[in-house]
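Presented below is the structure to which this report refers.
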Amino acid sequence: MPVQHWSMRILLKLVIDCDPDAAWRAVHSPRAVAELYGPLLDLEPLVPNGLPTAWSPGDDVPVQLSALGVVPMGRQLIHMSERHLDESAGGVRIFRDSGIPLTGPLASLDVWDHQMAISAAPGEPGKTLWRDRLVIGGPTALALWPVLWGMWQWRGARIRALAPTWAHDPEPTEPEPAVSEPATPERATPEPSATGSTTSEPATPGLSATRSRRSGSKPLEPTTDVTPSTPDE
């Protein structure tokens with residue numbers, strides 16, 4: 001009898017207290033994203049250089065997961081990409097992690113597709129509509145769904161709590177004062193010599209100057225679940 005392959009979804013839809021630009025910066029910050037799971041889940045990089053300061057499209061970073069910072073929960077490959085949509089209701093920015101669990105309880109999954117859609121909250125200036133969608137697939141997806149659903153509810157509460165702290169832009173760097181060139185002293189007009197010729201001064205010399213996946217796993221193509229066309233999800 002063939003093994004049943006399940007595909008399950010977990011959805012969040014929140015209005016959070018920060019502007020869309022601040023939320024977009026937060027999803028690009030590994031430190032901010034790690035805070036969303038704390039203290040339930042800790043995330044440590046498995047590369048010598050550590051986590052990047054900010055995620056960039058195409059990043060592949062393996063990390064070690066641990067519950068409460070103590071119990072090993074396996075390794076995960078994080079693969080980042082992003083896209084921008086222009087809709088009649090306004091622009092939507094989508095941040096996607098289509099990596100895959102490598103070891104541990106989640107390694108039985110062969111699909112992991114996490115997308116976060118960020119746009120302006122309709123009718124609420126200065127606030128953000130945050131839509132979060134996780135799709136998992138594999139023979140154990142049905143059994144793992146309740147555990148991940150509970151974790152995502154915790155994550156949603158953390159997003160609401162931390163969003164106001166994302167609203168503070170970094171202090172602008174003051175431009176350095178311009179360095180004024182020293183004034184060039186005027187040269188005295190040479191006096192003619194007795195022979196009628198002038199003496200000239202010598203010329204001033206110039207200055208000299210690995211992404212690894214299990215076989216059979218495929219990234220899930222984005223659907224419209226995270227776009228404004230499905231506002232009820």
By side chain to side chain contact (heavy atoms under 4.5 Å, CB included) - contacts of [X] (at least two apart):
{"X": "Ser29", "answer": "Arg31, Ala32"}
{"X": "Ala163", "answer": "Ile16, Cys18, Trp166"}
{"X": "Ala54", "answer": "none"}
{"X": "Val47", "answer": "Pro45, Val61, Pro62"}

Among the clusters formed by ILVMFWY side chains lying less than 4.5 Å apart, do [X] and [Y] turn up in the same one?
{"X": "Leu144", "Y": "Leu142", "answer": "yes"}
{"X": "Ile100", "Y": "Val147", "answer": "no"}
{"X": "Val92", "Y": "Leu129", "answer": "no"}

Arg9 side, atom CZ; Leu148 side, atom CG - distance, nearest 0.5 Å: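 It is 15.0 Å, given to the nearest 0.5 Å.
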I need the minimum non-hydrogen distance between [X] and [Y], along with the two atoms involved.
{"X": "Ala26", "Y": "Val33", "result": "O-CG2, 3.9 Å"}
{"X": "Leu36", "Y": "Arg158", "result": "O-CG, 3.2 Å"}
{"X": "Arg131", "Y": "Ser119", "result": "NH2-OG, 3.4 Å"}

field: is_close_aromatic(His84, Trp24), centroid dist under 6.0 Å
entry: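 That pair passes the under 6.0 Å test.
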query: Is Asp21 paired with Arg93 through a side-chain N to carboxylate O contact shorter than 4.0 Å?
result: yes
- prompt: Are Asp17 and Arg160 ion-paired here, with the side-chain N under 4.0 Å from a carboxylate O?
  reply: no
- prompt: Does anything in residues 134-156 pair up under side chain to side chain donor-acceptor pair (under 3.5 Å), and if so which pairs, sequence neighbours excluded?
  reply: Tyr37-Arg155, Ser108-Thr140, Asp132-Trp152, Asp132-Arg155
statement: The complete set of side chain to side chain donor-acceptor pair (under 3.5 Å) pairs with one or both residues in residues 43-55, sequence neighbours excluded, reads none
message: Evaluate Leu162 against Glu35 for side chain to side chain contact (heavy atoms under 4.5 Å, CB included), listing each step before the verdict.
response: CA-CA 9 Å; Leu162 293 173; Glu35 288 179 346; 3.9 Å; yes
Min side-chain heavy-atom separation [X]-[Y] under 4.5 Å:
{"X": "Gln115", "Y": "Phe95", "answer": "no"}
{"X": "Arg133", "Y": "Asp113", "answer": "yes"}
{"X": "Ser7", "Y": "Val111", "answer": "no"}
{"X": "Leu85", "Y": "Ile94", "answer": "yes"}
{"X": "Asp19", "Y": "Lys127", "answer": "no"}
{"X": "Pro101", "Y": "Trp112", "answer": "yes"}
{"X": "Leu106", "Y": "Ile136", "answer": "no"}

Would you tabulate the side-chain donor-acceptor contacts of residues 69-78 under 3.5 Å, counting partners in other chains and residues two or more places apart, or write 'none'?
unit_1, atom_1, unit_2, atom_2, d
Arg75, NE, Gln64, OE1, 3.4

- prompt: Leu43 and Leu65: side chain to side chain contact (heavy atoms under 4.5 Å, CB included), yes or no, with the steps?
  reply: CA-CA 5 Å; Leu43 182 150; Leu65 304 178; 4.3 Å; yes
- request: Would you sort out whether Leu134 and Leu11 count as a side chain to side chain contact (heavy atoms under 4.5 Å, CB included), showing the intermediate values?
  value: CA-CA 7 Å; Leu134 174 66; Leu11 304 175; over 6 Å; no
query: Given the rule in the side chain to side chain contact (heavy atoms under 4.5 Å, CB included) test, do Met151 and Leu41 qualify, once you have shown the distances and angles that lead to the verdict?
result: CA-CA 9 Å; Met151 181 178 293; Leu41 197 65; 4.2 Å; yes
